[in-house]
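Remember, it's 1-based here, ligands and their atoms both numbered in the order they're listed.
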Amino acid sequence: MEANKEEAVMASSSGRKKVIVVGSGNAALCAGIAALEKGAEVLIVEKADEQEAGGNSRYTAGAMRFVYNANEELEPLLLKPADERIARTEFGQYTREKFQEDLLNFNDGRPLSLHQHILIDNSYDTLWWLSEHNIKFEPIYSRQTFEKDGKYIFWGGLTLEAKGEGVGLIAAELEEFLRLGGSIRYETSGKDLIVEQGKVIGLRCETPDGLAELTADAVILGCGGFEANPVLRQKYMGEQWVQAKVRGTRHNMGRGIEMALEIGAQMHGLLDGCHATPMDLNMPNYGNLEIPFIERKHYRKICYFLGVMLNARGERFEDEGVNFRNYTYAQFGRSLLKQPQGFAWQIFDQKVEHLLYSEYRFWDASFVEADTLEELVEKLDGVDAQQALRSLRAYNEAVDTETPFDPTVLDGKRTHGLQPDKTNWANTLDTPPFKAYPVTCGITFTYAGLKVDEQAAVLAESDEPIPGLYACGELVGGVFYNGYPGGSGLTSGAVFGRLAGYSAAQ
Ligand SMILES: Cc1cc2nc3c(=O)[nH]c(=O)nc-3n(C[C@H](O)[C@H](O)[C@H](O)COP(=O)(O)OP(=O)(O)OC[C@H]3O[C@@H](n4cnc5c(N)ncnc54)[C@H](O)[C@@H]3O)c2cc1C
């Protein structure tokens with residue numbers, strides 16, 4: 001099909017650099033704002049319509065992880081620095097060393113990558129830069145503090161979130177982008193890069209009016225990973241990933257990565273690396289922004305550490321208590337997919353009912369209930385009931401009943417002699433009613449992607465930058481390997497987005 005000629009030139013000839021940004025999530029909007037700040041003319045092209053634009057970024061809680069050393073460093077970032085609670089708040093510190101340690105914990109022995117160093121070293125500056133651009137933050141009092149002696153004490157290094165969560169973050173970034181003179185076209189899907197004499201000079205797009213060719217001095221890819229594309233999941237991650245549910249947007253099909261690979265870019269990072277968590281087996285196949293944030297969260301089912309999990313063969317397959325759930329929930333999604341038919345049942349008794357997170361009591365939660373284990377196993381759809389009963393009885397007999405149960409520490413209350421053992425929080429399943437929840441894997445986002453340098457320029461197989469091409473956000477590979485500390489995805493998008501915008505505008 002011939003390209004629409006009216007669309008052939010992106011902007012009027014003003015002598016300013018012309019930059020096209022592909023995508024309208026957090027990374028792309030940060031890239032757009034940065035390029036505008038440096039005087040470029042910027043057009044964002046977004047595949048989704050206005051309702052669904054903003055990508056996975058809109059599905060988040062808007063929390064961002066960054067290095068800070070004192071309360072005073074947070075004040076310029078705050079929406080309401082005069083909030084009376086601030087004086088009674090101990091934000092603690094989140095040092096560079098701590099951020100490094102947190103990332104290293106997920107690196108499976110790899111040293112910190114260049115991209116992880118860039119993320120950490122630019123994290124505070126980038127938050128400060130966002131606040132200068134009218135994106136302000138609020139302390140996460142509800143989920144990240146405890147109160148002691150009239151003070152709010154932050155415990156985890158994750159302290160601030162954008163007002164209005166992910167939806168509010170994207171709305172504020174978009175407002176700033178438009179205020180600075182940027183333009184955006186929805187329902188315009190980046191298809192191919194246009195290359196002339198080795199330099200990227202534009203983008204071929206699909207629009208409601210047909211194909212269009214947009215020319216520019218530089219193109220920034222900020223259009224997400226390939227988590228929503230079963231074909232690419234199969235190609236890069238393996239057969240079983242075809243059936244994963246997608247927790248966020250259905251639009252991140254990996255086209256940004258593919259179009260860059262087609263002109264010689266280098267794939268980078270752990271190919272099958274991704275964030276994936278146990279989710280309600282009956283959740284929809286894709287995320288849906290029409291459901292309020294709190295309800296969307298309720299499909300997640302991550303209290304397996306309080307009970308046991310059985311697969312279709314009726315067998316346990318993981319040490320459910322190997323560590324605190326913060327360190328396992330993003331990996332256990334993968335483990336579920338490896339089971340026959342890719343599902344499992346989480347089983348609890350009445351003793352721990354009060355400890356289950358609220359999502360287990362959500363009106364929409366899928367579960368079955370029975371007064372005996374014999375009755376319960378008959379209700380587990382798709383499971384070998386006889387083997388399930390044998391597994392539950394063997395588990396009960398193997399529990400160390402002497403050690404007290406304490407969910408606030410790694411209590412060492414464990415089983416002995418099972419394959420696998422449960423090494424913490426192993427309570428016998430003996431108090432009815434028993435409840436079982438069916439779960440499967442929900443993929444959050446993929447970790448592999450394009451290789452970029454310190455300027456966020458996309459690198460060819462030769463490790464040389466491809467002139468005119470930059471990348472940011474989820475589609476940059478090598479930032480995360482086997483997990484990530486919460487809030488780092490958004491920060492990574494902002495850090496690499498800002499870098500890409502500055503570089504493209506130069
Ligand atoms: C349910 C959920 C919860 C999360 N919670 C957190 C959290 O609390 N903290 C955190 O840090 N991270 C979280 N993440 C991860 C976080 O969302 C991502 O790391 C981050 O938002 C990715 O930003 P991005 O801008 O790279 O991509 P996205 O925000 O996904 O934006 C990509 C955009 O590109 C568009 N697009 C795709 N293909 C094309 C194309 N061919 N042409 C044009 N446009 C295209 C998409 O429509 C989309 O708008 C969560 C993710 C999910 C799904």
Side-chain angles (χ1 to χ4, degrees), residues 20-32 43-66 119 123 140 143 158 161-162 165-166 169-170 173-174 184-193 203-207 214 219-229 245-260 274-277 279 283 286-289 291 293 296-297 299-300 330 442-447 449 471-476 479-480 484-497 500:
I20 295 173
V21 183
V22 190
S24 71
N26 169 60
L29 286 167
C30 287
L43 170 68
I44 281 183
V45 295
E46 165 58 52
K47 178 181 168 193
D49 62 17
E50 198 167 348
Q51 291 280 65
E52 289 192 27
N56 278 342
S57 303
R58 284 181 75 208
Y59 285 79
T60 70
M64 293 175 81
R65 184 174 292 268
F66 60 96
L119 164 63
S123 61
I140 316 172
R143 287 175 287 126
L158 184 60
E161 66 187 357
E165 297 165 343
L169 173 71
I170 293 302
E173 288 178 346
L174 180 60
I184 181 164
R185 287 188 199 169
Y186 297 102
E187 296 178 81
T188 302
S189 177
K191 198 172 170 298
D192 299 298
L193 293 159
L203 183 74
R204 202 165 290 114
C205 303
E206 277 171 335
T207 78
L214 306 175
V219 173
I220 301 174
L221 299 171
C223 45
F226 57 90
E227 59 274 355
N229 186 335
K245 305 248 187 188
V246 177
R247 297 181 61 206
T249 176
R250 63 195 171 101
H251 294 291
N252 288 358
M253 299 285 283
R255 186 62 212 151
I257 295 173
E258 284 195 303
M259 68 173 104
C274 72
H275 187 290
T277 67
M279 303 292 288
M283 75 171 268
Y286 294 92
N288 180 356
L289 278 171
I291 303 172
F293 177 71
R296 270 185 274 129
K297 225 179 114 190
Y299 292 122
R300 211 169 65 166
I443 185 166
T444 319
F445 69 104
T446 45
Y447 293 155
C472 52
E474 269 180 17
L475 56 60
V476 172
V479 187
F480 306 116
Y484 83 137
S488 313
L490 287 174
T491 307
S492 169
V495 163
F496 285 95

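Of the heavy atoms in V45, only backbone atoms (N, CA, C, O) come closer than 4.0 Å to ligand 1. With a 4.0 Å cut-off on non-hydrogen atoms, L475 does not touch ligand 1 at all.
At under 3.5 Å, not a single nitrogen or oxygen of T444, backbone or side chain, sits near a nitrogen or oxygen of ligand 1. Considering backbone and side-chain N/O atoms, A27 comes within less than 3.5 Å of an N/O atom of ligand 1. Residue G224 has no N or O atom closer than 3.5 Å to an N or O atom of ligand 1. Looking at ligand 1, you'll find an N or O of G190 within less than 3.5 Å of one of its N or O atoms. Here's the thing with L490: one of its N/O atoms is less than 3.5 angstrom from an N/O atom of ligand 1. Looking at E474 next to ligand 1, an N or O pair under 3.5 Å apart turns up. Ligand 1 has an N or O atom lying under 3.5 Å from an N or O atom of E46, backbone or side chain.
Of the candidates Y484, Y59, F496, Y286, it is Y484 that places a heavy atom closest to atom 13 (C) of ligand 1. Between the choices S57, G489, A63, the shortest heavy-atom distance to atom 23 (O) of ligand 1 belongs to S57. Here atom 4 (C) of ligand 1 lies nearest to T60 when heavy atoms of T60, N26, I44 are compared.
Ring geometry, Y484 versus F445: the interplanar angle exceeds 60°, so the pair is classed perpendicular (tilted spans 30 to 60°).
With sequence neighbours left out, E52 forms a salt bridge (Lys or Arg N to Asp or Glu O under 4.0 Å) with R250.
Looking at N56, N26, T446 one by one, the single match for side chain to side chain donor-acceptor pair (under 3.5 Å) with E474 turns out to be N56.
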